[in-house]
Amino acid sequence: MTGVLRIGNASGFYGDRFDAVREMLTGGPLDILTGDYLAELTMLILGRSRLKDPARGYATTFLRQLEEGLGLAHERGVKIVANAGGLNPAGLAHAVRELAQKVGVPVRVAHVEGDSLPVPEGFLTANAYLGGAGIAACLTAGADVVVTGRVTDAALVTGPAAARFGWGPGDLDALAGAVVAGHVLECGTQATGGNYSFFRGHDLRRPGFPVAEIHADGSSVITKHDGTGGVVDIGTVTAQLLYETGGARYAGPDVTARLDTVRLTQVGPDRVRISGVGGEAPPPTLKVGLNRLGGWRNEVVFVLTGLDIEAKAGLVREQFADALARSGAEPDEVRWELSRTDRADAATEESASALLRLVVRDRDRETVGRAVSGAAIELALGSYPGFHVTAPPGKGAPYGVFEARYVPAGEVPHIAVLPDGRRQSLAPPAVTCPLRDAEEPPLPEPLPDPGPTRSAPLGRIAGARSGDKGGDANVGVWAVGNDAWRWLAHELTVERFRELLPETAGLTVVRHLLPNLRALNFVVHGLLGEGVAAQHRFDPQAKAVGEWLRSRHLPIPVSLLETVHAPEAHA
């Protein structure tokens, strides 16, 4: 089939802007509206929800959005595809049918299942990441609403595109183009100026959600509805392409997309064309995400004000250690972090204060509960001058652990439950290729004579976006302009990266070059411990690591600082 398939996104996570479904359905023309509700942490949340009520385990917000959205979509001929089924796609599909009957909207509902695998001892959830074939089968069978469990985020786009254009498993380049478009859309307004390094100068009070215009060859144009806030330009699309990725090969169950072949072109206001994406056969295995409860944690934040901050922090630590020893409680892990947010001669008490954060973990709730909260509160009148905490310590809360494993794709059922109830099994791709690192491309020619340098923040000439994959963090950095790229590729080595971000010094850091995007992508193994649910560090998803990197000073050629036209960053 020919023509353009317009796919919009209305959710980048479970808890995203509630009105986005209505806004996308009424704001402009669409063929498909997608919603991404699942993340590693979300699966743990849904797992705990299912423990309380086996009939749940899906994103209830999606159902509430459809109370109005079903009628709007039916009137406009828009099909809805969402992974809101979580751990119970069949249950959500049934709930959607009941809702449709209640509001009087005739819709054909289908769902995709098979991702839920036998849960190993000690875990709450075990789900394989499926591709888009099941979604395509449901749409081909006439579904108006398709809900899935754990599929890849990009499958919400590859499935509808394959159904529309008749792609098969061998249409690797087309599928890869749709994967790249899907990756741009999956996080909603992150493609339209949200979380964007160069946010200044744009209307970001309420960014619009993104739209991808998919063509039969897999190329696409990323845009947004006319009149909505935000911006779509090469920078916003580049930032999202680097988010939570690694090297040049971006593997999925449908295809391995080559990120080093992506070409971006600004073809109009708020319109960026993605073309040239090459695809390779997918790996023979599927990723399986497992979640379990790791134990219990508690947290206390002490406020230290004025003079002698380091001495005050030292006193608290000594007193707390003594109190725990006297109580007989010895948590498996005790971590202290002093954040020097204080300023000398400050005009307000808050700006004169530093924060001392204590985090304790243990497999036993009591060990991190009363023993910790009691020890903290009992210091109130006998510790450092000005003693207080940001909030009373609690009884301890559970934390989760995410683990990724891989299983042969042929061992995972992939089933489309069609609108008439028929069950269609989808076979995995017949041709696969084990995933391996791509050959590193050559470095660009260095600047011939960069001239004198001046100490300045890296963010003056580069943008960044960072995120999490299990316990690892990725930091994508892209240069503003060709000369900045020629300098950045030679200057920002792994060694320099570690110098600028000392937290990474003892960890394995891998650098990948993506010359077409004028970008470097760093993967920092182990920075996030056991994943976001474990709350290993105060920024557990590494959302701001890229901005930390941009704030770091290093010698930058004055010629670049004077000629790079990026919005100036201020300390």
Side-chain angles (χ1 to χ4, degrees), residues 38-44 46-47 83 86-87 112-135 148-156 158-159 169 172 175-176 179 182-183 186 244-259 279-292 294 400-415 425-438 467-474 508 510 512 521 523-534:
L38 301 185
E40 293 168 1
L41 179 59
T42 313
M43 299 301 280
L44 178 66
L46 294 178
N83 61 11
L87 301 174
V112 178
E113 62 186 33
D115 62 292
S116 184
L117 302 182
V119 180
E121 180 70 26
F123 286 84
L124 276 179
T125 67
N127 295 81
Y129 289 69
L130 301 178
I135 296 171
T148 76
R150 179 76 275 190
V151 296
T152 63
D153 301 335
L156 302 177
T158 61
L172 297 175
L175 287 167
V179 163
H183 182 59
E186 70 183 55
E244 295 183 345
T245 60
R249 285 190 165 99
Y250 186 59
D254 297 313
V255 64
T256 294
R258 291 293 298 251
L259 298 183
E280 299 173 343
T285 57
L286 295 181
K287 178 181 176 180
V288 177
L290 299 102
N291 283 283
R292 62 178 172 84
V401 173
F402 175 84
E403 183 179 325
R405 298 180 186 175
Y406 294 85
V407 299
E411 295 182 3
V412 178
H414 190 170
I415 301 168
S425 294
L426 289 307
V431 178
T432 62
C433 182
L435 186 64
R436 63 186 187 281
D437 290 337
D468 65 306
K469 279 294 184 185
D472 301 337
N474 98 285
T508 299
V510 180
H512 303 279
N521 210 354
V523 178
V524 185
H525 294 276
L527 181 66
L528 306 179
E530 296 172 304
V532 55

Closest heavy-atom pair and its distance - [X], [Y]:
X: A154; Y: V179; value: CB-O, 3.7 Å
X: A126; Y: P118; value: CB-O, 3.8 Å
X: L259; Y: G247; value: CD1-O, 3.8 Å
X: P429; Y: P282; value: CG-CG, 3.8 Å
X: V401; Y: G294; value: CG2-CA, 3.8 Å
X: V412; Y: A128; value: CG1-CB, 3.8 Å

Any sub-3.5 Å donor-acceptor pair from [X]'s side-chain atoms to [Y]'s backbone N or O?
X: D472; Y: G526; answer: yes
X: E40; Y: G470; answer: yes
X: N474; Y: E244; answer: yes
X: N521; Y: T245; answer: yes

Separation of [Y] [atom2] from [X] [atom1] (nearest 0.5 Å):
X: D115; Y: L286; atom1: CG; atom2: CG; value: 10.5 Å
X: L175; Y: D254; atom1: CG; atom2: CG; value: 6.0 Å
X: N291; Y: T42; atom1: CG; atom2: OG1; value: 9.5 Å

Side chains of [X] and [Y]: does their closest heavy-atom pair fall under 4.5 Å?
X: V523; Y: H512; result: yes
X: P283; Y: T256; result: yes
X: P253; Y: T152; result: yes

Please tabulate, one pair per line, all N/O donor-acceptor pairs under 3.5 Å involving side-chain atoms of residues 402-410, not counting sequence neighbours.
from, atom 1, to, atom 2, distance (Å)
E403, OE2, R405, NE, 2.7
E403, OE2, R405, NH2, 3.1

Output all residues satisfying side chain to side chain contact (heavy atoms under 4.5 Å, CB included) with [X], sequence neighbours left out; order by chain, then residue number.
X: L87; answer: M43, L46, R50, T125, N127
X: N83; answer: D36, Y37, L38, T148, R150, V151, D153, L156
X: A133; answer: H414, L426

Going by the rule ring pair (Phe, Tyr, Trp, His ring centres under 6.0 Å), which residues pair with H183 if we only count those two or more places apart in sequence or in a different chain?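 With neighbours one apart ignored, the set is Y250.
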What residues, two or more places apart in sequence or in another chain, satisfy salt bridge (charged side-chain N to carboxylate O under 4.0 Å, His left out) together with E280?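 By the salt bridge (charged side-chain N to carboxylate O under 4.0 Å, His left out) rule, E280 matches R249, R258.
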